Protein chains: 2
Amino acid sequence: MSILAIDRIGAIVRGPPVNPAFTAIAPDTAGMPLYRAVKRALLGAVEAGTFAPGAALPSETDLARAFGVSIGTLRKAVDELGAEHIIVRRQGRGTFVATHNEGRFLFQFFHVERNDGLREHPQVDLVSFERSRADDVSAAALQIRPGEPVIEIGNRLRLQGRAVVHDRIILRAALFKGLTEKRLGARSGTIYQLYQSAFGISVVRAIERARAGAAPADTARVLGLAPGVAVMHVHRTALTFGDRPVEYRHSIIDTSQHEYVNLLARPAR
Amino acid sequence: MSILAIDRIGAIVRGPPVNPAFTAIAPDTAGMPLYRAVKRALLGAVEAGTFAPGAALPSETDLARAFGVSIGTLRKAVDELGAEHIIVRRQGRGTFVATHNEGRFLFQFFHVERNDGLREHPQVDLVSFERSRADDVSAAALQIRPGEPVIEIGNRLRLQGRAVVHDRIILRAALFKGLTEKRLGARSGTIYQLYQSAFGISVVRAIERARAGAAPADTARVLGLAPGVAVMHVHRTALTFGDRPVEYRHSIIDTSQHEYVNLLARPAR
DNA sequence: CCCAATTTGTTCGTATGTATA
DNA sequence: TTATACATACGAACAAATTGG
C-alpha cells in the first residue's frame, strides 16, 4: 500500500451545513452525501491514473482513514464503483482498478454470434490505416470540430474463418498521439486493451445505433460479398469516464450466417 | 401495512454454523448469506404476488422484525432488489413493487428512434390475431413443445405517422388464458402493461438477436414497402422472474428513416 | 403554514466470518 | 500458522422527504 497514493487523494473536508464559510468545502461536493464525495474522489483518482488499471487500491481501513470517514461510508462508495465495473473487489486479496480485459468484457459491446449461438473471439485483420480530417458525422460523434485531425482504421473481423464484420474506426488524433500502423498491428490483445495500455484511455460504455442497408462497394470487397446485398450497419460511439467520446466506429456486418446479439441483462448477483 | 403479508413471508430461521442439526434451517438458504436469504424470500413474495405490482411493502423496521434480522441486513437485501428494478424505494414514502410502467421502461426494450434522435411513443395498430400451434423456432424460444397452443398477434407500430415496425408476437396460450382480440384492442397502455395487469406476468428483461434481410411479402404490405427492400429483423425473447420466457417476438423494422438504438448504459447513480 | 408521525437515506461504530497470501 | 483484506451482521443516531392533521 502506498501512502503516497493516499496523500494524493486527500481527505474529504466539509464543514457543518450551518455555516459553510468557516470550513473548507470541496466545491463539487456541496450538498452531496459523504459517500458520494468519496466515490467521486476515488473515481477521479482512477481517471487521473493515480491508480493504474490493474493496480491495487489501498485497503478499506487505510482508505477510510485517509478520507476521514467511517469504514461503512467508505464501503458504500467502493460498492458503487464496483457495481459500475470501475473497480473489482476480491475477498482476501484487495480492491483493484478494473482493466476491462477480463474476457467477459470482450463480448460486452460488439456482440456477434453465429446463428446457432456459437461465440468465438474474432480474428482481426488490419485492412487500412490513414490519417485524415474529421467529416461532419464523425466530428459530431466525437464532439470535435469538423476538420480536426483523426486516425481512420479499417478492420476485418473473421469468425470461424469467415469474414463477417468490416469496421471503420475514427479516432481523435490528439488523444492517440504516436499511434502507428505498426504499433496497431503489433498489439497483443484487443484494440480497447491497446487504448488502455498505450494511451491510458478506458472505454467504459458505448452507444450503438443500427440499421439495415446495402453493402458498400469497399465493404463488399473486404468481406467478399456481392455488392448491394443486405447487411447491418452499426454506428457506435465508445465513451470513457464522464461520457466523453473517444472512438466512433462504423461496423458493417454480414448477417447471413451471424447475428448481432443484445442481452438486456440485469446485473448478475 | 398488512400484518398478514408479513406473516406469509415467514421469518428466516437458521441455526449457528457449528451444529446445524439443532435448529431448523431453510433448505434453499444453506450456506447462503443471511441478507441473500432475505432477498430470496422477498423476491419469492413478489413473484408469488403476495405483494402486487405497485403495492407498498411493509416498512424496513417491520420487515426486519418479521424476518428476525437487523435493519442493516434487511436493507442490504432490499438494496439489491432495488438495483435490479424489482422494487422501487422512495424516501419518506416507502418501498413499492416495481410496475415497469414508469415511462423510462417504455424505451428499455424496443428502442427505435428517428435518424435524428427523435423519440416518440409508437402508435400501435392490431393487424392480426389468431390461435395456432407453436412451430419449432417459437417452441424453442418459449421452452415449450412444438405444437403446443399459442396465440399469434400481428402489430404495426407507427412513429411520426409513418409505419416503421411490423411485430409478430407469439404467446403461450396456457399463460394468457382469456386473451381475446377484443381485450387486446381495448387495452389502455402497452402490451407489457396488459401482461402484468391482466395476467400477472412481469417482463423483467429480454434477449434480442438482430440481422439484416429482405422484407417478407406480408410485412411489405403492412408497412407499405417495396417487397425485398433491406429491413432489420429482431428476434426477442421476453423473460420474467427466473429467466422464464413468456413472449417470443419477431420484429421487422424499416430502417430507412429510423434506427434501432442500444444504450449500453451504466446504471445511473 | 406549520407540526408531528412515518419512512427511507446517511453515517457512525463494533464484532465476527471467510478468503488469500 | 499468521497476518491481511474483504464480507457479513448487528445496532444506534440523526437527516431528509413525505404525508396528513
Side-chain angles (χ1 to χ4, degrees), chain A residues 1-3 5-6 11-18 29-40 42 51 55-83 87-98 269, chain B residues 1-2 5-6 11-20 29-42 51 55-83 87-98 269:
Chain A
M1 181 273 302
S2 150
I3 289 291
I6 292 186
I12 309 283
V13 181
R14 300 199 305 173
V18 202
T29 63
M32 185 187 293
L34 189 51
Y35 77 90
R36 224 167 252 280
V38 173
K39 177 186 171 187
R40 173 170 294 201
L42 284 172
F51 304 119
L57 269 64
S59 75
E60 293 182 341
T61 46
D62 288 338
L63 280 175
R65 199 174 31 233
F67 283 118
V69 301
S70 77
I71 184 81
T73 301
L74 187 277
R75 275 193 72 89
K76 184 145 182 169
V78 173
D79 278 347
E80 286 200 356
L81 289 172
I87 59 175
V88 178
R89 317 183 70 178
R90 298 192 201 285
Q91 185 175 1
R93 294 187 58 198
T95 306
F96 305 86
V97 180
R269 307 215 194 205
Chain B
M1 183 273 300
S2 149
I6 293 187
I12 308 283
V13 181
R14 302 200 302 175
V18 201
N19 189 341
T29 63
M32 184 187 294
L34 187 52
Y35 78 90
R36 223 166 253 280
V38 172
K39 177 185 171 187
R40 172 171 294 200
L42 284 172
F51 304 119
L57 268 64
S59 74
E60 293 181 342
T61 47
D62 289 337
L63 280 175
R65 199 172 32 233
F67 282 119
V69 301
S70 79
I71 186 80
T73 301
L74 187 277
R75 276 191 71 91
K76 181 143 184 169
V78 173
D79 277 347
E80 287 201 356
L81 290 172
I87 60 177
V88 178
R89 317 184 70 180
R90 297 192 202 286
Q91 185 176 2
R93 295 187 57 197
T95 306
F96 305 86
V97 180
R269 308 218 195 202

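To find a chain, count down the sequence lines: A is the first, B the second, and so on, and within it residues start at 1. Computed from a predicted model, the values in this text were never measured in an experiment. Computed from heavy atoms alone, side chains included, the values below leave out hydrogens, waters and symmetry copies.
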Presence of [X] side-chain N/O under 4.0 Å of [N] phosphate oxygens OP1/OP2:
X: Ser59(A); N: dT4(D); answer: no
X: Thr73(B); N: dA9(D); answer: no
X: Lys76(B); N: dT8(D); answer: yes
X: Thr95(A); N: dA5(D); answer: no
X: Arg75(A); N: dC6(D); answer: no
X: Thr61(B); N: dT7(C); answer: no

Testing the basics here: between [X] and [Y], what is the closest heavy-atom pair and its distance to 0.1 Å?
X: Ala98(B); Y: Val88(B); result: CB-CG2, 4.1 Å
X: Pro58(A); Y: Leu63(A); result: O-CD1, 3.5 Å
X: Phe51(A); Y: Ala56(A); result: CD2-O, 4.5 Å
X: Met32(A); Y: Ala37(A); result: SD-N, 3.6 Å

Rounded to whole angstrom units, what separation is found between the [atom1] atom of [X] and the [atom2] atom of [N]?
X: Ile87(B); N: dT8(C); atom1: CD1; atom2: C1'; result: 12 Å
X: Leu57(B); N: dT6(C); atom1: CG; atom2: P; result: 19 Å
X: Arg65(B); N: dT7(C); atom1: CZ; atom2: C1'; result: 13 Å
X: Asp79(B); N: dA9(D); atom1: CG; atom2: P; result: 14 Å
X: Leu34(A); N: dC14(D); atom1: CG; atom2: C1'; result: 14 Å
X: Tyr35(A); N: dG9(C); atom1: OH; atom2: C1'; result: 8 Å
X: Leu63(B); N: dT6(C); atom1: CG; atom2: P; result: 17 Å
X: Phe67(A); N: dC12(C); atom1: CZ; atom2: C1'; result: 17 Å

**Report entry** Sequence-distant partners of Ser70(B), side-chain contact (heavy atoms from CB on, under 4.5 Å), two or more places apart
**Finding:**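 Residues passing side-chain contact (heavy atoms from CB on, under 4.5 Å) with Ser70(B): Thr73(B).
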Would you tabulate the pairs of protein nitrogen or oxygen atoms and nucleotide nitrogen or oxygen atoms of nucleotides 14-16 of chain C closer than 3.5 angstrom?
none

Requested in this report: Starting from the C-alpha separation in whole Å, work towards a yes-or-no answer on side-chain contact (heavy atoms from CB on, under 4.5 Å) for Leu42(A) and Leu57(A).
Outcome: CA-CA 9 Å; Leu42(A) 284 172; Leu57(A) 269 64; 4.3 Å; yes
Query raised in the report: When you check the gap from the basic side-chain N to the acidic O, do Asp79(A) and Lys76(A) get nearer than 4.0 Å?
Result: no
Query raised in the report: Roughly how far, to the nearest 0.5 Å, is CD1 of Ile71(A) from OG of Ser59(A)?
Result: 7.5 Å
Query - Between CD1 on residue Ile87(B) and CG on residue Leu81(B), distance to nearest 0.5 Å - result: 4.5 Å
Listed pairs, N/O of protein and of nucleotides 19-21 of chain C, under 3.5 Å:
residue, atom, partner, partner atom, Å
dA21(C), OP1, Arg93(A), NE, 3.4

